[in-house]
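Down below is the structure, laid out as structure tokens.
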Amino acid sequence: MESAPKSRMRGSARRTVITAAALKVFAEKGYHAASLGEIAKAAGVARTVMYDHFPSKRVLLLAVLQEQNTALVEYIGARITGRGTARERMRDTVDAYFGFAQSRPEARKLLFDAVSEDDPEIRTVRWGIREARTKAVAAMLAQDMREIGVDPAEPGAEAVVEFIITGMDGVAQWWEHRPEVPRSTLVEGVMWLLSSGLGPRS
């Protein structure tokens, strides 16, 4: 009796498997040390199948960066635009970021940790992703900014958002070496630092 033919994975599903494997390999080894063959093996696909979706390692990295940045913005954006007061939403947002860092450490590392990819195109795309992330978060915080007397159109508003994002990720990196510290402690510490900035300007 002949065995039933193996079901073929749809292209979109295979692409998802490949980017998930690439995320882990890139985060663990870095861009230069990672190979497409290694990523293909981790994804359980032939290397030739990789080229059906990603013609080069650079294209694959950029796709993974875009994918994970979108996931991060959607994850914290749901808290920024949720219910409650500005302070309550900010607390939820801070907690959400640390939750993302805790549950998806590879994504956090790939998006934020300093790297030396020595590739002008990758550097340009990375900076574009960073700017887009800051602008997206600033846009979601626009109403709260107006309520505390900050014009969200001012360059300084984006600078504040960049400070918050970069600062929280610095704490997340510190947390990787101090995992015994409760997440709630980090949230309270960040909220204490931000508390004066959440009140009206004098």
Side-chain angles (χ1 to χ4, degrees), residues 15-31 34 39 42 60-115 117 122 125-145 157-195 197-198:
R15 180 184 174 93
T16 298
V17 169
I18 292 171
T19 55
L23 171 62
K24 291 181 179 297
V25 175
F26 283 139
E28 178 183 350
K29 294 200 165 186
Y31 175 69
I39 294 170
L60 177 54
L61 173 66
L62 298 182
V64 173
L65 286 171
Q66 294 281 8
E67 177 183 87
Q68 295 306 314
N69 187 63
T70 298
L72 171 61
V73 172
E74 289 178 351
Y75 192 82
I76 64 174
R79 277 69 174 182
I80 294 174
T81 58
R83 296 178 180 274
T85 64
R87 186 181 296 274
E88 289 168 341
R89 290 196 304 276
M90 179 59 74
R91 182 183 297 276
D92 288 344
T93 301
V94 171
D95 182 65
Y97 180 75
F98 290 132
F100 183 92
Q102 185 177 39
S103 62
R104 304 177 69 169
E106 296 95 350
R108 191 217 62 76
K109 183 175 182 179
L110 195 66
L111 287 172
F112 290 97
D113 282 10
V115 292
E117 287 145 345
I122 294 176
V125 173
R126 274 192 176 278
W127 182 252
I129 288 174
R130 180 173 178 169
E131 282 195 313
R133 179 171 57 234
T134 299
K135 289 181 182 296
V137 173
M140 288 185 281
L141 287 171
Q143 183 56 43
D144 290 340
M145 289 183 179
E158 283 190 17
V160 170
V161 172
E162 179 70 22
F163 170 78
I164 294 172
I165 293 174
T166 304
M168 284 198 301
D169 190 69
V171 175
Q173 292 183 46
W174 174 86
W175 194 25
E176 288 183 359
H177 300 279
R178 298 289 300 276
E180 73 280 4
V181 177
R183 192 164 103 196
S184 59
T185 299
L186 305 183
V187 175
E188 292 306 317
V190 172
M191 287 303 297
W192 171 78
L193 182 64
L194 295 175
S195 60
L198 293 175

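Keep in mind it's a predicted model, so treat the numbers as computed, not measured.
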Can you name the nearest heavy-atom pair linking G84 to E88, along with the distance?
CA-OE1, 3.1 Å
Does any part of the side chain of M191, heavy atoms only, come nearer than 4.5 Å to the side chain of R87, both counted from C-beta?
yes
Distance check, rounded to the nearest 0.5 Å: L60 atom CG versus I39 atom CD1?
5.0 Å
Residues in ring-ring contact (aromatic ring centres under 6.0 Å, His included) contact with F98, at least two apart in sequence or another chain
none
So, using salt bridge (Lys or Arg N to Asp or Glu O under 4.0 Å) as the criterion, who are the partners of R178 when residues are at least two apart?
E180
Per-pair distances, 0.1 Å, donor-acceptor, side chain in residues 161-170, under 3.5 Å, sequence neighbours excluded:
residue	atom	partner	partner atom	Å
E162	OE1	T134	OG1	2.7
E162	OE2	R130	NE	2.6
E162	OE2	R130	NH2	2.4
E162	OE2	T166	OG1	3.1
T166	OG1	E162	O	2.8
D169	OD1	Y97	OH	2.4
D169	OD1	R108	NH1	2.9
D169	OD2	R108	NH1	3.0
D169	OD2	Q173	NE2	2.9

Report the residues that fulfil salt bridge (Lys or Arg N to Asp or Glu O under 4.0 Å) with E106, sequence neighbours left out, ordered by chain and then residue number.
K24
For the atom pair CG (L23) and CD1 (I18), what is the distance rounded to the nearest 0.5 Å?
14.0 Å
Interatomic distance, T93 atom OG1 to I80 atom CD1 [nearest 0.5 angstrom]
4.5 Å
Quick one: does L61's side chain get under 4.5 Å of F26's, heavy atoms only?
yes
For E28, give me all partners under salt bridge (Lys or Arg N to Asp or Glu O under 4.0 Å), at least two apart in sequence or on another chain.
none
What is the distance from atom CZ of R126 to atom CG of L62, rounded to the nearest 0.5 Å?
9.0 Å
Determine which pairs satisfy salt bridge (Lys or Arg N to Asp or Glu O under 4.0 Å) with at least one residue from residues 66-75, sequence neighbours left out, and list them in order.
none
Taking all non-hydrogen atoms of both residues, which atom of Q68 and which atom of F100 are closest, and how far apart?
O-CZ, 4.3 Å
Heavy-atom closest pair, residues A138 and E158:
CB-CG, 4.2 Å
ring-ring contact (aromatic ring centres under 6.0 Å, His included) partners of Y31, counting only residues at least two apart
none
Could you tell me which residues satisfy side chain to side chain contact (heavy atoms under 4.5 Å, CB included) with T16, sequence neighbours excluded, listed by chain and number?
none
Any residue meeting salt bridge (Lys or Arg N to Asp or Glu O under 4.0 Å) with R133, in chain and number order, not counting sequence neighbours:
none
Where do R91 and E188 land on the side-chain contact (heavy atoms from CB on, under 4.5 Å) test, with the steps shown first?
CA-CA 8 Å; R91 182 183 297 276; E188 292 306 317; 2.4 Å; yes
Determine whether V190 and L186 satisfy the following criterion, side-chain contact (heavy atoms from CB on, under 4.5 Å), listing intermediate values before the conclusion.
CA-CA 6 Å; V190 172; L186 305 183; 5.5 Å; no
My understanding is that only residues two or more places apart in sequence, or in another chain, count here; which of them pass side chain to side chain contact (heavy atoms under 4.5 Å, CB included) with Q143?
R146, E147
Run the side chain to side chain donor-acceptor pair (under 3.5 Å) test against Q66 and tell me which residues pass, sequence neighbours left out.
none
Correct closest heavy-atom pair for L110 and A27 would be CD1-N, 4.4 Å
Tell me, please, which residues at least two apart from D95 pass side chain to side chain contact (heavy atoms under 4.5 Å, CB included).
R183, V187
Could you report the tightest heavy-atom contact between A136 and V73, atom names first, then the distance?
CB-CG1, 4.1 Å
For A96 against Y75, the heavy-atom pair lying closest together:
O-CE2, 3.2 Å
